Q: 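Encoded as structure tokens, here's the structure I'll be asking about.
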Amino acid sequence: MEETLATLRRSKRGRPPKPREEDHADFVEEADAAGLAPPHSKRKRAASAAGAASLEDQPLIDIIKHNGRLISHAVKKLVEDYESNKNSVMFQILAMLFEACGAKHEIYPDYLRESDVDDIVLSLVDLARKGLVEDNYSTKQKDLKHFKENLVTFWDSLVLECQNGPLFDDTLFQKVKDYVVALSCTPPRVYRQVASLVGLQLVTSFISVAKTLSGQRETTQRQLNAEKKKQSDGPLIESLNNRLALTHENITYLEDLMRKIFNGLFMHRYRDVDPEIRMSCIKSLGIWVVSYPSLFLQDIYLKYLGWTLNDKNAGVRRTSILALQSLYEVEANIPSLGLFTERFYTRMIQLADDIDVSVAVSAIGLIKQLLRHQLLSDDDLGPLYDLLIDEPPMIRRAIGELVYDHLIAQNIKTSQPGARDGENEPSEVHIGRMLQILREFSDDPILSSYVIDDIWDDMKAMRDWRCMISVLLDENPGIELTDMDGTNLVRMLHASAKKAVGERIIPAMDNRKLYYNKGQKETLENSKREITSALLTRYPHLLRKYMSDKAKISPLVDMMVLLKLEMYSFKRQEKHFKAAIDLITDAFFKHGEKDALRSCIKAITFCCTDCQADLKDYAENKLKNLEDELVLKVKTAIKEVEAGDDEYSLLVNLKRLYELQLSKPVKNESLFDDMYRILSHLREMDNEVKSFLLLNMYLQVAWCLHAIDEGRSTTVLSCRVCIITAEMWCLFKKSKYSSTRLESLGYLPQVDMVQKFWKLCEQQLNISDETEDEDANEEYIEDANRDAVNIAATKLVLADTVPKDYLGPEIVSHYASHGASTTEIIKHLITSLKKNADFDKGALFFEALKRAYERYMTHVNDGENQTLTGKSYSECQDLASRLAGSYVGAARTKNKSEILKIIQDGVSFAFADLPNQLSFLEAALLPFVSKLPSADIPDILADVEKRTQDADMNGDQSAWHPYFTFVEHLREKHAKNEVLHGGGKACEATGPTEKG
């Protein structure tokens, strides 16, 4: 081979030439010669040798870049040549290292041999500073996609091939080590990346050889001991002693090389600015500790794994955790990890709540290993249990698995990895332990659902339906249930059944619908059959036992919709079905809470649609009887209240009626009249009673018109009035009935009525969050807040139910005043209105700005506190910024006339009452000015200055401050345009000259 980098470097063409078809056989045989193919015939092996000879002149760097299959052959050739020409081989290897780093340098063997390592490396750094470097490491070129893999393979093969000679000559690898360490400490990132990759692999390969030598040393020692028992000395003993000494010397030599690379490379690069280099270092250290603990399983090396748990890069933190996982997986390592664990276990626990989900999940797996080896106490796990209700499902799932192993199966304390001694325990034992955990979350059913969801996959006992049912019916003496445990077990039974049939028990982050393949659907159907079979005859017993318990009855009744109802007919258990329906009906009239009522109606309605034949008829008759009985109870309660009795019975039955009407129409002509009569005559009733009277009246009308569209409000009656009023106006919209036989039903509210309606809506929008929170515990309150009021008003505008010239600007004027949800509702309103070809967006925006500004002026004139006045002014500014922000990109040019009209009308408005309204210029118009092209600014500036010619500006100067601010802003924008315009011409004049 020629011995310069210039000749070693391949041509500048992008890819190596494609081999001819007649060369293909030779190429395969060359790979065969390199040990990459199974043995062939003598004829083929001879051809292979000839092919290998033809590759002798191929540079090493080309083999590593493009022909990885030939690395083994190239390495063998280098080792063979090393004995006869050490300098030449050393040059080829080091030249390849430099070119792997990307350096384009003309270095000759004599110069390399005579120069100091530092001088060579400094010349390479200077080359990189001049940009004469190519990045082979991070390149995206397809023909270099195996570069890193091939480079690692080359050095590993070289070390293994040299283990019987050049590895221990104290020349070749000492020189390689010096250059690798020096290059790893240079500024060019690509040098550090390649040198770090090579140096780390060298240590890994040295460990492989050292382990082989250690095995040989042990074998030699055993042979020596056996021979010494036969004779005290002799040639064989002397030979064994010499072999033992040589082997020990070689191991010591390799360990010394490892330490030098660790000290020279790892100790600097584990904190490199490049996170990929840091990850490589930590990953390699984890491999070294596990594969060669006699050297690396010491605190002086382990501390780096602990320190990098705090790395700012998530990938590095996770790499460190994974390295520790492989370390703790080996039982023999545990005694040596005591001090390390004591020092860093707190950080390991903290990482379970890491901001990066993958890091957190890995950390939880590491904590499981610490628990398995009893290196953590239960007191240390307190913060982890909070993660059972964390948002990312992967974290919750990992914590659930840990909790199951440690607290339920209690199989982590076994000495054998993977042994699960808790799997064979009876289901009631695991259920009892699960109930102990759920006691911590008893006050919140939602949190209990999260815990159940987290542990469900691991805990088979949660799918032992018969066991849970027998425990609830006190048939299992092994568990004594407290009332709290009973509630939690009912929740667990219901939640587990929902999971088993494929339903979610906690909200999904993406709200995507669940889809199942054929096999999964069969599994879910089998689960439904198992649940139904377990409950078939015992469901009525559960309902009867817990009929009066409002915490337990709702989830128990909800079990009905999870059953395979046809099994009642197949198994001839119709009487148990009828008993369950009867008990659910009784529960409906026994309870007045929303959850229980809703569950009962849902269960009976489900039976009416999902049952067949006689059972369906029975369920439908039961629902009809329930309806008749409920109407009678409501009518009776109305008469009792009119007679002066307590309102409780009326309120409860109105709630029941409301829940029923949410599912189906209740047909009774006189019921509406009865509700209207008591509502109009008895004005001193409780607001909640009035609310449910209104809701039920609304639902009756809505059902008659086949248009259910519920509303909601906050404190609480006023909101319901707003929403129901809006819904009634929409239902009886004049245009809807015009030119029909029902034209007389059409209604168009007058402007004064719309103003009164909006005034009431505005009061609800201005209610504080604290006031909303105070009402949050009321039943049905989720249907009544400021967003629902806003939506109801918005619906009137979009449906053209009322004159939009008044209500539209009023709503939009609150765009930036009440939080993100209000903003989104109004944003949707504007987006929907823009779809109308007749929509005048500029007029809407200007009127909205005026309304917001008028609210601010009202605060000013009323002399209210400065905080409230300042807040109102800021809301006006925010509104202007948001509205102006809708003119972006191409919309600025397309809608320039709209923007100009807003500014012109705004200037007229501001000067209509001097100087009182001048603040409108600064509060509302400045954001729109920034959206105009600079060419339009002079006209606006002239208009504003003209309006002040006859004005008296000698009064209160502070009132004129917004005017001066506005004018100054116009002048600055105009001046910038002049500068840019002039600069452009200068560039045009000087450009050709500079180019020439």
Side-chain angles (χ1 to χ4, degrees), residues 1-10 16 27 29-36 48-101 103 105 107-113 117 120 136 146-180 183 194-195 197-199 201-206 208-209 212 250 253-254 257:
M1 294 184 185
E2 294 293 330
E3 296 180 352
T4 69
L5 282 182
T7 55
L8 286 174
R9 199 179 302 124
R10 59 186 291 261
F27 183 80
E29 289 163 359
E30 290 160 10
D32 176 41
L36 298 167
S48 174
S54 68
L55 291 176
E56 286 187 357
D57 292 330
Q58 187 169 3
L60 276 180
I61 190 64
D62 274 8
I63 294 175
I64 289 171
K65 283 182 176 181
H66 309 295
N67 296 320
R69 291 175 296 175
L70 302 179
I71 288 176
S72 177
H73 166 73
V75 167
K76 289 179 180 178
K77 186 69 171 64
L78 287 172
V79 176
E80 290 173 3
D81 294 344
Y82 185 75
E83 294 298 325
S84 59
N85 196 345
K86 291 184 179 181
N87 292 334
S88 174
V89 171
M90 184 180 296
F91 171 77
Q92 293 178 55
I93 293 173
L94 293 178
M96 183 276 296
L97 174 62
F98 302 154
E99 290 210 341
C101 290
H105 200 308
I107 297 180
Y108 292 89
D110 293 340
Y111 176 69
L112 184 67
R113 183 171 59 253
V117 172
I120 296 291
N136 299 316
H146 297 301
F147 171 75
K148 286 185 277 190
E149 177 187 346
N150 291 343
L151 186 62
V152 166
T153 301
F154 171 82
W155 289 103
D156 184 52
S157 301
L158 183 64
V159 171
L160 296 180
E161 193 68 29
C162 291
Q163 62 182 311
N164 296 318
L167 180 57
F168 302 103
D169 71 351
D170 205 29
T171 302
L172 175 61
F173 282 93
Q174 288 291 348
K175 183 67 72 172
V176 168
K177 179 260 299 178
D178 291 342
Y179 275 103
V180 167
L183 286 168
V194 173
L197 181 67
V198 172
Q201 179 56 45
L202 283 175
V203 175
T204 303
S205 301
F206 291 159
S208 179
V209 175
T212 301
N250 288 342
Y253 176 81
L254 288 176
L257 272 178

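Please read all numbers here as calculations on a predicted model, not as lab measurements. The figures here come from the full heavy-atom set of this structure, side chains too, leaving out hydrogens, waters and symmetry mates.
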Q: Any chance you could lay out the side-chain contact (heavy atoms from CB on, under 4.5 Å) test for Val176 and Leu158, step after step, and finish with the verdict?
A: CA-CA 12 Å; Val176 168; Leu158 183 64; 5.9 Å; no
Q: Are Thr171 and Lys86 packed together at the side-chain level, in the sense that at least one heavy-atom pair is separated by less than 4.5 angstrom?
A: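 Of all side-chain heavy-atom pairs linking Lys86 with Thr171, none is under 4.5 Å.
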Q: Quick one: CD on Glu99 to NZ on Lys65, what's the gap to the nearest 0.5 Å?
A: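 Going from the CD atom of Glu99 to the NZ atom of Lys65 covers 6.5 Å.
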Q: With the side chain counted from C-beta on, respond yes when Trp155 and Ile93 share a heavy-atom pair under 4.5 Å apart, and no when they do not.
A: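 Side chain of Trp155 against side chain of Ile93, heavy atoms only: contact under 4.5 Å found.
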Q: Give, for atom CG of Asp178 and atom CZ of Phe173, the distance between the pair rounded to the nearest 0.5 Å.
A: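 That separation rounds to 13.0 Å.
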Q: List the atom of Phe147, the atom of Ala100, and the distance in Å for their closest heavy-atom pair.
A: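 In terms of heavy atoms, the two residues are closest at CZ-O, 3.6 Å.
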Q: Grab the two heavy atoms, one from Val79 and one from Pro166, that are nearest each other, plus how far apart they are.
A: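 Closest heavy-atom pair between Val79 and Pro166: CG1-CG, 4.4 Å.
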Q: Is Ile63 close to Phe154 at the side-chain level, that is, under 4.5 Å between some pair of heavy atoms?
A: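 Side chain of Phe154 against side chain of Ile63, heavy atoms only: no contact under 4.5 Å found.
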Q: Work out which heavy atom in Val159 is nearest to a heavy atom in Leu167; give both atom names and the distance.
A: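 Shortest heavy-atom contact: O-CD2, 4.1 Å.
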Q: Under the side-chain contact (heavy atoms from CB on, under 4.5 Å) rule, what do Leu202 and Lys177 come out as? Steps first, then yes or no, please.
A: CA-CA 9 Å; Leu202 283 175; Lys177 179 260 299 178; 5.8 Å; no
Q: Which atom pair, heavy atoms only, marks the closest approach of Leu151 to Leu197?
A: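 Result for this residue pair: CD2-CD2, 4.0 Å.
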Q: Any idea which heavy atoms bring Leu94 and Leu112 closest together, and the distance?
A: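 Looking at all heavy atoms of both residues, the shortest contact is CD1-CD2, 3.8 Å.
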Q: So how far is it from Ile71 CD1 to Leu78 CG, rounded to the nearest 0.5 Å?
A: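 These two atoms lie 11.5 Å from each other.
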Q: Could you give the distance from CG (Asn150) to CG (Asn136), rounded to the nearest 0.5 Å?
A: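 Atom-to-atom, Asn150:CG and Asn136:CG are 12.0 Å apart.
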Q: Determine whether Leu183 and Val198 make a side-chain contact, defined as any pair of heavy atoms from C-beta on separated by less than 4.5 Å.
A: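 No, every pair of side-chain atoms sits at 4.5 Å or beyond.
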Q: Closer than 3.5 angstrom, by distance alone: can the side chain of Gln163 be matched with the main-chain N or O of Leu160 as a donor-acceptor pair?
A: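 Pair found, side chain donor or acceptor close to backbone of Leu160.
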Q: For the CD atom of Gln92 and the CG atom of Asp81, what is their distance to the nearest 0.5 Å?
A: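 So the gap between those two atoms works out to 7.0 Å.
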Q: So does Thr204 get a backbone contact from the side chain of Asp156, meaning a donor-acceptor N/O pair under 3.5 Å?
A: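 No, because the side chain of Asp156 does not come within donor-acceptor range (under 3.5 Å) of the backbone of Thr204.
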Q: What distance do His73 atom NE2 and Gln58 atom CD have between them, rounded to the nearest 0.5 Å?
A: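 The NE2 atom of His73 sits 9.5 Å away from the CD atom of Gln58.
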Q: Looking only at heavy atoms, which two atoms of Met90 and Leu172 are closest? And how far apart?
A: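 Shortest heavy-atom separation between Met90 and Leu172 comes out as CE-CA, 3.8 Å.
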